[in-house]
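In what follows, a single structure is set out as structure tokens and then discussed.
Quick caveat, the model's predicted, so the values are computed rather than measured.
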Amino acid sequence: MMSRLAGSWRSAYRLRALAGAIALVFLAAPIMGCSSGLFSKEEDYVPEDHADKLYNEGLFLLNNKEDYEGAAKKFDEVDRQNPYSDWARKALLMSAYAYYQAQKYEDCINAAKRYVTLHPGSADAAYAQYLIGSSYYDQILDVTHDQARSDKAIAALEEVVRKYPESEYALSAKKKIGLARDQLAGKEMEIGRFYMKRRDFTGAINRFKVVVTQYQTTREVEEALARLTEAYISLGIMDEAQTAAAVLGHNFPDSAWYKDAYRLVKSAGGEPAENQSSWMSRAFKGFS
């Protein structure tokens with residue numbers, strides 16, 4: 001994808017002919033009665049660069065100078081000057097890539113979205129979609145901040161997996177989806193712990209419940225079950241506390257969180273015992 005692409009002689013000839021035609025129109029303007037005098041001299045017209053020249057200048061800045069933003073601007077110029085050409089299609093994807101390398105994520109997303117919209121059947125559409133997801137993913141902040149970008153990253157990366165399951169980007173997309181889901185689960189856990197400190201056990205349970213029901217494959221689920229054990233004991237709801245501990249022990253028998261939950265239940269006079277009708281038990285049916 002990064003190799004230098006040279007245009008055909010025929011394409012170059014057409015581009016030169018078009019530039020010459022535009023120049024003739026500009027130079028003829030005074031003769032046709034234009035009173036402004038803007039194009040009264042031949043040197044007033046500066047012909048635009050050819051697409052292949054701009055494209056290869058962009059590649060040079062990208063590969064040799066690592067001037068990613070400068071390269072992106074060259075590729076943008078190809079698209080601006082030749083919007084319906086094959087050069088524009090290639091340049092649009094390279095622009096998205098260059099913006100991504102420059103960490104200009106919004107510009108990358110805009111270029112990549114435009115590529116997917118204009119060229120959905122292209123062999124490189126999967127990569128463009130992957131760039132969208134990766135741009136959101138790379139902007140994910142720690143769990144003390146809003147996780148809107150995590151949601152957007154997951155949605156965009158799931159499109160890669162759904163539309164292009166056989167592409168080379170599908171596996172990487174799945175891994176990033178998993179990590180982004182960890183972030184969303186971590187946010188729920190952070191809020192749940194906050195409620196626990198305030199002794200708002202019902203509010204905490206609601207947050208931990210989200211982790212258990214929606215993010216079972218994340219690293220946060222073990223702690224969520226242990227915290228549910230603690231919260232239910234604090235409310236005196238021993239049946240649910242025992243179920244939380246039992247579900248934790250059944251699915252994560254070697255977890256340090258299970259040891260904590262087990263001690264809590266025992267200290268409250270109970271034993272880990274799963275109530276099959278509990279929402280926690282139902283949530284883990286078929287879980288592996």
Side-chain angles (χ1 to χ4, degrees), residues 1-29 38-139 156 159-160 164 167-169 172-173:
M1 184 179 61
M2 304 302 297
S3 61
R4 182 182 179 90
L5 298 173
S8 66
W9 285 104
R10 184 176 299 175
S11 297
Y13 176 80
R14 285 200 297 266
L15 289 167
R16 283 193 291 271
L18 178 59
I22 294 172
L24 287 173
V25 170
F26 284 157
L27 290 172
L38 288 175
F39 302 108
S40 58
K41 296 180 181 178
E42 184 175 351
E43 57 267 24
D44 288 331
Y45 171 68
V46 179
E48 294 187 307
D49 290 326
H50 296 312
D52 55 349
K53 179 175 179 289
L54 283 169
Y55 186 88
N56 286 317
E57 285 175 354
L59 286 182
F60 178 80
L61 290 173
L62 187 73
N63 295 328
N64 297 78
K65 299 295 186 180
E66 296 186 355
D67 179 3
Y68 302 120
E69 195 167 356
K73 290 178 180 178
K74 289 288 185 180
F75 296 131
D76 285 345
E77 198 60 20
V78 175
D79 184 39
R80 186 187 72 80
Q81 293 186 25
N82 307 269
Y84 305 111
S85 68
D86 191 46
W87 286 109
R89 177 182 61 80
K90 297 169 185 174
L92 185 56
L93 185 64
M94 294 303 297
S95 175
Y97 172 76
Y99 278 128
Y100 179 76
Q101 291 297 99
Q103 298 183 5
K104 298 288 185 179
Y105 295 119
E106 290 307 313
D107 291 322
C108 173
I109 291 167
N110 290 336
K113 281 184 175 180
R114 185 161 178 258
Y115 186 92
V116 171
T117 300
L118 293 175
H119 313 289
S122 165
D124 292 317
Y127 182 62
Q129 184 64 43
Y130 180 73
L131 281 176
I132 297 169
S134 295
S135 292
Y136 286 126
Y137 178 85
D138 286 1
Q139 295 180 84
E159 284 290 284
V160 177
Y164 316 102
S167 74
E168 60 187 295
Y169 311 108
S172 179

Self-check item: Donor-acceptor pair, side chain of Ser167 and main chain of Tyr164, under 3.5 angstrom
Solution: yes

Quiz item: Do the side chains of Asp107 and Glu69 get nearer than 4.5 Å, heavy atoms only?
Solution: no

Quiz prompt | Nearest non-hydrogen partners of Ser135 and Gln139, listed with the distance | solution = O-NE2, 3.1 Å

Exercise. Output the distance between atom CG (Asn110) and atom CD1 (Ile132), rounded to the nearest 0.5 Å.
Key: 9.5 Å

Practice problem: Compute whether any side-chain donor of one residue and acceptor of the other, for Ser172 and Tyr130, lie under 3.5 angstrom apart. | Solution: yes

Quiz item: Would you call Lys74-Glu77 a salt bridge at under 4.0 Å N-O?
Solution: no

Quiz item: Can you check whether Phe75 reaches Leu54 side chain to side chain, under 4.5 Å on heavy atoms?
Solution: no

Self-check item: Close side-chain approach of Leu61 to Lys73, heavy-atom, < 4.5 Å
Solution: no

Quiz item: Does any non-hydrogen side-chain atom of Val78 lie less than 4.5 Å from one of Arg89?
Solution: no

Exercise. Taking all non-hydrogen atoms of both residues into account, name the closest pair between Cys108 and Tyr100 and its distance.
Key: SG-CB, 3.6 Å

Self-check item: Considering all heavy atoms, the nearest Ala71-Gly58 contact
Solution: CB-O, 3.3 Å

Practice problem: Please identify each residue that fulfils side-chain hydrogen bond (donor to acceptor under 3.5 Å, both in side chains) with Asp76, with sequence neighbours left out. | Solution: Ser95, Tyr99

Quiz item: Any idea which heavy atoms bring Val116 and Ala125 closest together, and the distance?
Solution: CG2-O, 4.0 Å

Practice problem: Determine, stepwise, if the pair Phe60 / Asn56 fulfils side chain to side chain contact (heavy atoms under 4.5 Å, CB included). | Solution: CA-CA 6 Å; Phe60 178 80; Asn56 286 317; over 6 Å; no

Quiz item: OH of Tyr137 to CG of Leu131: how many Å apart, nearest 0.5 Å?
Solution: 15.0 Å

Quiz item: Between Asp79 and Arg114, does a salt bridge (charged side-chain N to carboxylate O under 4.0 Å, His left out) hold up when you go through it step by step?
Solution: CA-CA 11 Å; Asp79 184 39; Arg114 185 161 178 258; 2.2 Å; yes

Exercise. Determine yes or no for a side-chain-to-main-chain donor-acceptor pair under 3.5 angstrom, with Gln129 supplying the side chain and Ala156 the backbone.
Key: yes

Self-check item: Approximate separation, where rounding is to 0.5 Å, of Tyr105 OH and Ile109 CD1
Solution: 10.0 Å

Practice problem: Have a look at Tyr97 and tell me which of Asp124, Leu92, Leu62 forms a side-chain contact (heavy atoms from CB on, under 4.5 Å) with it. | Solution: Leu62

Quiz item: Are His50 and Trp87 close enough, and set up right, to give a side chain to side chain contact (heavy atoms under 4.5 Å, CB included), and what steps lead you there?
Solution: CA-CA 10 Å; His50 296 312; Trp87 286 109; over 6 Å; no

Exercise. Would you confirm whether Asn82, through its side chain, and Ser85, through its main-chain N or O, come within 3.5 Å as a donor-acceptor pair?
Key: no

Self-check item: For Tyr115 against Ala128, the heavy-atom pair lying closest together
Solution: CD2-CB, 3.7 Å

